[in-house]
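What follows is one structure encoded as structure tokens, with my remarks underneath.
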Number of protein chains: 2
Amino acid sequence: MGANILVVDDEKEIADLIEVYLQNENYQVYKFYSPEEALHCIDSVKLDLAILDVMMPEIDGFTVLRKVRESLHFPVIMLTAKDEEIDKITGLTLGADDYITKPFRPLELIARVKAQLRRFTKYNQSDSEQHENILAFSGLILDKNTRKCLLNEKPLSLTPTEFSILWFLSANRGRVISSEELFHEVWGEKYFNSNNTVMVHIRHLREKMDDSAEHPKYIKTVWGVGYMIEK
Amino acid sequence: MGANILVVDDEKEIADLIEVYLQNENYQVYKFYSPEEALHCIDSVKLDLAILDVMMPEIDGFTVLRKVRESLHFPVIMLTAKDEEIDKITGLTLGADDYITKPFRPLELIARVKAQLRRFTKYNQSDSEQHENILAFSGLILDKNTRKCLLNEKPLSLTPTEFSILWFLSANRGRVISSEELFHEVWGEKYFNSNNTVMVHIRHLREKMDDSAEHPKYIKTVWGVGYMIEK
DNA sequence: CTCATTTCTTAAGGTTTTGTTAAGCTTTTT
DNA sequence: AAAAAGCTTAACAAAACCTTAAGAAATGAG
């Protein structure tokens, strides 16, 4: 089952955001808005990884890190503001296994989390975990490990962005995904309405998949809402 | 109760000689005069040890060794002619647990066999652990203990960094590894995007492995994601 | 310790691949 | 019919990657 992950950040929106993304990956999240609360949790739950914000009032993430290091040993990822001075960052993140500067792309954080867990457990991905990286339906096979795509036994050569889009639509098929959500997922940035980038990528995908907007076999347009792959 | 031992040598007299001595010690001997036949045996019998001649027509003992290392983990003793060049020997015997030069005294071979079996059964755990330090696939053999590398029976002289990179890619083959993850793994530091050092090492590796970016036999570039060795 | 050798990193220039923009077009909705 | 949303296309911009070489750093021998 999913690993236990501690998340501590006084910026509630960020902590919540991280929680959502981690839960989406089936991790068990222990979220706290203050280090004090977090310190209790460390003792009572068997954690597998921690994500800590560096700067927090009173006790900072660094204190939590130290506490963690005094007793238990599991990977720690630190979050730092982008405008911190470089040497300060290197100091603060000393002893952490990795760090990410805010603002960050949620998917990047997830990738780092997985990398750390992989490194820590040292063993290869379990079968169930490996299978989470493979989607197959309606003649389409997507492999997140190799980032390969097969359509009716024939390989489709997708660009990184195309793969990300198709993966997300596939993983959420049966649900309409707005361009905005898609953009947010793949690019991790704010969506600008003047931007028809998503549309162009969808177009390219359809072309490669021998799909069409008029009679979609895979990616269906839902007017005024977004795109969907039927379940 | 005797262990199952595979013997492969195209010099029949020698194979027969070995067989006699081993049977005299109550070992169950599976003797073959050609590697082809032997390859079948490997799959169908649970072997405890193998004695392989290095030089054999068509498929050589090395191919058998590779096959063995790809799947099962048990001690392998290689036989080499005395007049082989020294560096060739060290290269050829890489990945083997022991080697003996011909001509040899039968009792010495028996002694070695016993030593290997003792080591393997007595320190089963540590031994299988030791074999976790050997990777073999597609003509490539990597030994983390000696940090030596063999490509199609020929030794590759890799620098420490190169070996680390190749090892990590090999240990995770079938999965795309980003430059970032690679850097983190090998250097253990934060990755800076302005840094193309990973790329240069990949380039050197490819050159030594007679591999190319355009038509990769081993290290494949996955655009926008990273590098991968196919499984 | 010094010198020679090996190994690593950096930087620059070039190539290929991928992403974005914008404009004109079509379909759907009001 | 007009407006809004979506489609298509192609040119341009940007990102990612490759190659090479030279200097820096580390290593090892004497």
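Computed from a prediction, not measured in an experiment: that's the story for all the values here. Each chain gets a letter, A, B and so on, in the order the sequences are listed, and its residues count up from 1.
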Could you write out each protein N or O paired with an N or O of nucleotides 17-19 of chain D at a distance under 3.5 Å?
| residue | atom | partner | partner atom | Å |
| --- | --- | --- | --- | --- |
| D/dC17 | OP1 | B/G224 | N | 3.4 |
| D/dC18 | OP1 | B/R206 | NH1 | 3.1 |
| D/dC18 | OP1 | B/T221 | OG1 | 2.7 |
| D/dC18 | OP2 | B/Y227 | OH | 2.7 |
| D/dT19 | O4 | B/N196 | ND2 | 3.4 |

Inset, instruction - Give a yes/no on whether any side-chain N or O of B/T197 is located under 4.0 angstrom from OP1 or OP2 of C/dT10. - result: no
From the list A/V198, A/L205, A/T197, side chain to side chain contact (heavy atoms under 4.5 Å, CB included) partner of A/H201 resolves to A/T197
Check your understanding: Does B/W187 place a side-chain N or O at less than 4.0 Å from the phosphate oxygens OP1/OP2 of C/dC8?
Key -> no
Angle between ring planes, A/F183 versus A/W187, binned at 30° and 60°: parallel, tilted or perpendicular? parallel
### Task
Verify the contact: side-chain N or O of B/H204 to OP1 or OP2 of C/dT7, cut-off strictly under 4.0 Å; return yes or no.
no
Under a 4.0 Å heavy-atom cutoff, the residues of residues 163-175 of chain A touching DNA chain D are none
Closest non-hydrogen atoms of B/K231 and B/R173, given as atom of the first, atom of the second and distance, are CD-O, 3.7 Å
Between NE2 of A/H201 and P of C/dT17 the distance, given in whole Å, is 17 Å
Rounded to whole Å, CG of B/L182 lies from P of C/dT9 at a distance of 12 Å
Interatomic distance, CD1@B/I229 vs CD1@B/I177, rounded to 0.5 Å, equals 9.5 Å
B/R147 atom CZ is separated from C/dT6 atom P, nearest whole Å, by 19 Å
The complete set of side-chain hydrogen bond (donor to acceptor under 3.5 Å, both in side chains) pairs with one or both residues in residues 209-218 of chain A, sequence neighbours excluded, reads none
**Prompt:** With under 30° as parallel and over 60° as perpendicular, where do the rings of A/F163 and A/W167 fit, or are they tilted in between?
**Reply:** parallel
Taken to the nearest whole Å, NZ/B/K208 to C1'/C/dC8 is 12 Å
Whole-Å distance, A/L205 CG to D/dT8 C1', equals 15 Å
Is there a donor-acceptor contact under 3.5 Å from the side chain of A/N133 to the main chain of A/D143?
no
| query | Reckon B/T159 has a side-chain N or O less than 4.0 Å from the OP1 or OP2 of C/dT6? | reply | no
request  = Consider only side-chain N and O atoms of A/D53 and A/Y33, and report whether a donor and an acceptor are under 3.5 Å apart.
outcome  = no
message: Apply side-chain hydrogen bond (donor to acceptor under 3.5 Å, both in side chains) to residues A/S164 and A/R147 and explain how you reach the verdict.
response: CA-CA 9 Å; A/S164 299; A/R147 294 191 79 84; 3.2 Å; yes
